[in-house]
Amino acid sequence: MKLDDKLYLVRFNTDKLNHIKIINGDLCLKCKDRVCTFICPAHVYDWDEEENRIAVGYEGCLECGTCRVACPHGNIQWDYPRGGFGVSWKNG
Ligand code: SF4
Ligand code: SF4
């Protein structure tokens with residue numbers, strides 16, 4: 001099963017408020033491995049070549065919390081989505 005298919009099984013109630021923020025975009029420019037772009041199981045982080053910044057697709061976040069711990073610069077401000085928003089597991 002491809003990840004996209006798996007994600008289809010997950011129901012989201014997307015909050016208009018982004019619960020993930022990159023604190024300092026300059027740090028990402030200097031960041032060597034950009035671990036956020038490959039460690040996230042939902043592929044929320046993508047390097048945007050044109051804008052030279054990390055694009056955050058927070059709507060797909062599975063709230064595992066990995067990115068916050070993994071960023072070597074502590075550059076991800078991460079909060080749980082507000083109550084009632086975010087992911088709700090069908091078979092969780
Ligand atoms: S790992 Fe952290 S510092 Fe590096 S690109 Fe991602 S958010 Fe930016
Ligand atoms: S909390 Fe998990 S799913 Fe959400 S963006 Fe971070 S690594 Fe990806």
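Residue numbers count from 1 along this sequence. Since the structure is predicted, the reported quantities are computational estimates derived from the model, not experimental observations. Both ligands and their constituent atoms are indexed starting at 1 by order of listing.
Of the residues listed (C61, C71, C67), the one engaging Y45 in a side chain to side chain contact (heavy atoms under 4.5 Å, CB included) is C67, and it is the only one.
The shell of residues lying under 4.0 angstrom from ligand 1, judged by heavy atoms, excludes G74.
In terms of modelled atom types and a separation under 3.5 Å, the side chain of E63 and the main chain of G86 share no donor-acceptor contact.
The hydrophobic clustering, which links ILVMFWY residues whose side-chain heavy atoms are closer than 4.5 Å, places W47 and Y58 together.
For N75 against C28, the heavy-atom pair with the smallest separation is ND2-SG, 3.4 Å. The minimum heavy-atom distance linking I76 with C36 is given by the pair CD1-CB, 4.2 Å. The two residues H73 and L27 come nearest to each other via the heavy atoms CB-CD1, 4.0 Å.
Sorted by chain and number, the heavy-atom contacts of ligand 2 below 4.0 Å come from I20, C40, P41, V44, Y45, C61, L62, E63, C64, G65, T66, C67, W78.
Close contacts between ligand 1 and V35 involve ligand atoms 1 (S) [criterion: under 4.0 Å to a heavy atom]. Under a 4.0 Å criterion applied to the non-hydrogen atoms of C31, ligand 1 contributes the atoms 1 (S), 3 (S), 4 (Fe), 5 (S). Of all atoms in ligand 1, numbered sequentially from 1 with element shown, those under 4.0 Å from a heavy atom of P72 are 1 (S). In the vicinity of I22, heavy-atom distances shorter than 4.0 Å reach the ligand 1 atoms 7 (S). The ligand atoms of ligand 1 that sit less than 4.0 angstrom from a heavy atom of H73 are 3 (S).
The NE2 atom of H19 lies 10.0 Å from the NZ atom of K21; values are rounded to the nearest 0.5 Å. I20 CD1 to C40 SG: the interatomic distance, rounded to the nearest 0.5 Å, is 7.0 Å. Once rounded to the nearest 0.5 Å, the distance linking CD1 of I54 with CG of L29 reads 9.5 Å.
Contact annotation for D33 and ligand 1: no heavy atom of the residue comes within less than 4.0 Å of the ligand.
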